[in-house]
Undergrad: 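Quick one: this structure, given as structure tokens, is what I'll be asking you about.
In this text the structure is predicted, and so the values were computed from the model without any measurement.
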Amino acid sequence: MRYFHGGKPGLKLDDRLLPPVVTGVEHTLTATARKLGATAEHARNDRVYVTTSREVARVYAALKPDGALYEVLPVGDMTPDPDCDVPGVSWMCPAAVIVRIVDPVVLLRNRPIEAWMRLMNRATEAAGTEAAR
């Protein structure tokens, strides 16, 4: 199984992705989700989020300024992301290691956030169909 992560640009092969509670990074999608009312269970700052879908990770990368798309190897126990309604697509783990830089810069390209969210929903549904096979 391959896993992907969309996030901060400029990381290198073998870099370790750590959760915000460890790195001290405050401007994350998890922090934004919490500000919008997500519970601590649904937006955990002590976990790294990975997905089996390259397209889902690409959308997350696009939500960061000049975000990047990485293939990663999860480290530690993985648990399903309780915020994802499609089984087998999104996971949480204590850390991950970058094994491949898929796209070093994924630009938002003037699309409204609603367009990216529609793309995210379509990509998640497609990934769920693939995971169910």
Undergrad: What's the shortest heavy-atom distance between Pro87 and Asp85, and which atoms?
TA: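 For Pro87 and Asp85, the tightest heavy-atom pair comes out as CD-O, 3.5 Å.
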Undergrad: To the nearest 0.5 angstrom, please state how far the CZ atom of Arg100 sits from the CG atom of Leu69.
TA: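 One finds 8.0 Å between CZ of Arg100 and CG of Leu69.
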Undergrad: Which atom pair, heavy atoms only, marks the closest approach of Met92 to Pro80?
TA: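 Heavy-atom minimum between the residues: CE-O, 3.8 Å.
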Undergrad: For the atom pair CG (Leu73) and CD1 (Ile98), what is the distance rounded to the nearest 0.5 Å?
TA: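 Those atoms lie 11.5 Å apart.
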Undergrad: List, one per line, each side-chain donor-acceptor pair under 3.5 Å for residues 7-19, sequence neighbours excluded.
TA:
residue	atom	partner	partner atom	Å
Asp15	OD2	Lys12	N	2.8

Undergrad: Is the backbone of Ser90 close enough, under 3.5 Å, to the side chain of Thr51 for a donor and an acceptor to pair up by distance?
TA: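 Checked: no pair found.
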Undergrad: Would Arg122 and Glu125 pass as an ion pair if we require N to O under 4.0 Å?
TA: no
Undergrad: Arg2: which residues meet the salt bridge (Lys or Arg N to Asp or Glu O under 4.0 Å) condition with it, sequence neighbours left out?
TA: Glu71
Undergrad: Which heavy atom in Ala95 sits nearest to a heavy atom in Val48, and how many Å separate them?
TA: CA-CG2, 3.9 Å
Undergrad: With hydrophobic residues grouped by side-chain heavy-atom distances under 4.5 Å, do Met78 and Met1 end up in a single group?
TA: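 Per the 4.5 Å side-chain linkage, Met78 and Met1 are co-clustered.
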Undergrad: Indicate yes or no: at least one non-hydrogen side-chain atom of Asp81 is less than 4.5 angstrom from one of Trp91.
TA: no
Undergrad: Rounded to the nearest 0.5 Å, what's the gap from OH on Tyr3 to OG1 on Thr52? Could you check?
TA: 7.5 Å
Undergrad: First locate atom OH of Tyr49, then atom SG of Cys84, and finally report the distance between them rounded to the nearest 0.5 Å.
TA: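 Those atoms lie 11.0 Å apart.
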Undergrad: Can you get from Tyr60 to Val86 by hopping between Ile, Leu, Val, Met, Phe, Trp and Tyr side chains that sit under 4.5 Å apart?
TA: yes
Undergrad: Please enumerate all residues that pass side chain to side chain donor-acceptor pair (under 3.5 Å) together with Asp46, with sequence neighbours excluded.
TA: Arg44
Undergrad: Looking only at heavy atoms, what is the nearest atom pair of Pro74 and Cys93, with distance?
TA: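 Closest approach of Pro74 to Cys93, heavy atoms only: CB-SG, 3.9 Å.
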